[in-house]
A.B. asks: 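One structure, pasted below without further comment.
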Amino acid sequence: MMDVTCEKFSGPFGLLLSLIESEEMDITEIALAKIADEYVAYVRANRGIDPEELADFLVIAAKLLFIKSKALLPYLYTGEEEEEINDLERQLRMYKEFVAASQKVKELVLSPRRSFLPPLTKNRRGGFNLPVFCPPAKLNAALLHERFLILLANLEKQLAKMQEEKLPEKTLEPKISIDDKIASIKQMISNKIKVNFSRLLASAATRTEVIVSFLAVLELAKQKELFFEQDELFSEILISRPADAAALNNQI
Amino acid sequence: MSLKSQVESLLFVSLKPLSLKELAAAMKAPAKELGEALDELIADYAQGNRGLAIIKNNGQYQLTTAADNAALVQEFLKDETSGELSQPSLEALTIIAYRGPIAKLELERVRGVNCSLIIRNLLLRGLIEERFDKSKNENYYTVTHDFVRFLGLGSIDELPDYLKLNSAESLNTVLAATEDKN
Amino acid sequence: MSLKSQVESLLFVSLKPLSLKELAAAMKAPAKELGEALDELIADYAQGNRGLAIIKNNGQYQLTTAADNAALVQEFLKDETSGELSQPSLEALTIIAYRGPIAKLELERVRGVNCSLIIRNLLLRGLIEERFDKSKNENYYTVTHDFVRFLGLGSIDELPDYLKLNSAESLNTVLAATEDKN
């Protein structure tokens, strides 16, 4: 169902850029709004995305959906968010320049032109009668021991940090699926007639899950599986199934 | 002997790239005059249809073979290193080459994605080096002489569009925004 | 590039003197013309107040430093190998002492950076030695007997806490990760 236009991309900006370029558009707010759905679909399909980079992809997905919602409902926005959108455009334009530069760097790396050094050996020093053993005068066993303990302490710190960085990724993975979230939202709605949007978000444990919930709700809205009601600006959003909503309206 | 001759001898026997400061100390010569002698030597090599060249990177100098003779030298040394780089590594290297010294956070801001693993990999391959900036309490990254040699350049500012990308205003703006947020 | 330039590149990277025949074979050039190019190059070096010179001995050619700079070069090389070790070199030496025999790749994994130059420097100073392991197709490094004796030890396992530190958990973890990647 999905049109896979970018087999190879490098990170969230790479994906964004290739989607915009496949539409032959410039980097503008309009372009970003236009490719938002495609981007989200791509992240959902999760093709070729390194799990460690997923969070970075989701952050961009959230920004794009924000831009899209602004394009659809401009009167809801006050102008303060303008800066953030400009910022994304600027970042993307700059990224594009560096991608172009990286192609030139690649050509240089692959071109036959290259400088060489003699192999690293001591032969070049032949003829200078250098001593074969030159220990640093102040070095001793105690100092070696001390340095090694420092090294081990640093290694342990590094390993602990890597472990820490890995943990959220593991706990995040089962929760991250937008499909799961869609299923659970559908479940919530079928059990109740209406659900508060804030309640959906309250159940999210992490920022990533908030984004995923948001994406899932938007997806359901797009598929016309959900009906949204809001009495006034910034008031609670109620989510219900279209059938129920129709039925309720008929009762009144 | 002249400074130019002396500095040529030292660069020839040194295993590693040497800074102006190291050379000046070894030769007990004033850094300014030495710098001029080095510039002259670089120009001599560049003009003279020579088999040698000097690479200048990070304020350090290294004597190498001329890039034009690469095919011959590579075959002679039976060197098999190829320039294979993944797209993400290539992007990170490009940004570090044009913008170095650059902090990890700035690099990630440009690429929009975490770069810890790529940095680690490039360090292990000896393509970039890390220097701790005490005043900013942060590591900064630059490309190594080895990488400049792979490019076949005399120094990194010979990269296409170097000036433009090195001082790209857009980058300054975005990076300024990074600093604000931290 | 000209023959003169090419032969200069080859003499620069070659660690041993080369005969006209060897050079001609490498360059696929006629020996006669090559001989003329060499004579020209030798004359260039002799005239130009240069830091390098070509020595011709028994029909073999070698690029070397100019005789006039010998004292400077000698002192430079002596200083380079006699001072205290840099922090990175000391760290590498410590790892090799407690954990040797260790492969270059393992050492780099532990230190997180490329160690080619550091290893070469420690080898030059006679602090470590290199042994090629045929089955693993890799060089392994250990400290030298001279260094063990310099420390006043009978053997390296007399270092403080050797047994415990030799098999430190964190090192095992990092090195196990090395094996995974290969």
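Proteins come first, then strands; the chains are lettered A, B, ... in the order of their sequence lines, and each starts at number 1.
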A.B. asks: What are the two closest non-hydrogen atoms of Asn114(B) and Asp56(A), and how far apart are they?
C.D. replies: N-OD2, 3.1 Å

A.B. asks: With a 4.5 angstrom heavy-atom cut-off, could you sort out which part of Leu90(B) is near chain A: side chain, backbone, both or neither?
C.D. replies: both

A.B. asks: Which residue out of Ala101(A), Ser102(A), Pro119(A) racks up the most heavy-atom pairs below 4.5 Å with chain B?
C.D. replies: Ser102(A)

A.B. asks: Nearest 0.5 Å, what's the CD-CG distance between Glu97(A) and Leu165(B)?
C.D. replies: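 The distance works out to 5.5 Å.
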
A.B. asks: Applying the side chain to side chain contact (heavy atoms under 4.5 Å, CB included) criterion to Val105(A), which one of Val143(B), Ile95(B), Leu151(B) satisfies it?
C.D. replies: Leu151(B)

A.B. asks: Can you establish whether the number of heavy atoms outside Lys63(A) located under 6.0 Å from its atom NZ is more than 12?
C.D. replies: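 Atom NZ in Lys63(A) is crowded, with more than 12 foreign heavy atoms closer than 6.0 Å.
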
A.B. asks: Using a cut-off of 6.0 Å, state whether more than 12 heavy atoms not belonging to Leu143(A) lie near its atom CG.
C.D. replies: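 It does: Leu143(A) CG has more than 12 such atoms within range.
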
A.B. asks: Looking only at heavy atoms, what is the nearest atom pair of Ser10(A) and Pro88(B), with distance?
C.D. replies: OG-CA, 3.6 Å

A.B. asks: Gln91(A) and Arg109(B): which non-hydrogen atoms are nearest, and at how many Å?
C.D. replies: NE2-O, 3.0 Å

A.B. asks: Give the minimum heavy-atom separation between Arg114(A) and Asp79(B), together with the two atoms involved.
C.D. replies: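 Of all heavy-atom pairs spanning Arg114(A) and Asp79(B), the closest is NH1-OD1, 4.3 Å.
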
A.B. asks: May I ask you to check whether over 12 heavy atoms, not counting those of Glu75(B), lie within 6.0 Å of atom CD?
C.D. replies: no

A.B. asks: Determine, stepwise, if the pair Lys104(A) / Asp161(B) fulfils side chain to side chain contact (heavy atoms under 4.5 Å, CB included).
C.D. replies: CA-CA 10 Å; Lys104(A) 290 179 186 163; Asp161(B) 292 332; 3.2 Å; yes

A.B. asks: Give, as side chain, backbone, both or neither, the part of Ile55(B) having an atom under 4.5 angstrom from any heavy atom of chain A.
C.D. replies: side chain

A.B. asks: Please classify the contact of Gln74(B) with chain A as side chain, backbone, both or neither, using a heavy-atom distance under 4.5 Å.
C.D. replies: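 For Gln74(B), backbone and side chain are both near chain A.
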
A.B. asks: Rounded to the nearest 0.5 Å, how far apart are CG of Leu117(A) and CG of Leu63(B)?
C.D. replies: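 Spacing of CG (Leu117(A)) from CG (Leu63(B)) equals 8.5 Å.
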
A.B. asks: Does Glu91(B) reach the main-chain N or O of Phe98(A) with its side chain, forming a donor-acceptor pair under 3.5 Å?
C.D. replies: no

A.B. asks: Please examine the side chains of Val109(A) and Phe147(B), heavy atoms only from C-beta on, and report whether any two atoms are closer than 4.5 Å.
C.D. replies: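 Yes - at least one pair of side-chain heavy atoms lies under 4.5 Å apart.
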
A.B. asks: Please confirm whether the backbone N or O of Gly152(B) pairs with a side-chain atom of Ser115(A), one donor and one acceptor, at under 3.5 Å?
C.D. replies: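 A pair under 3.5 Å: no.
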
A.B. asks: Should we say atom CG of Asp26(A) is surrounded by more than 12 heavy atoms from elsewhere, each under 6.0 Å from it?
C.D. replies: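 Count not over threshold, so no.
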
A.B. asks: Just verifying a value: how many Å separate Arg99(B) CZ and Met94(A) CE, rounded to the nearest 0.5 Å?
C.D. replies: 8.5 Å

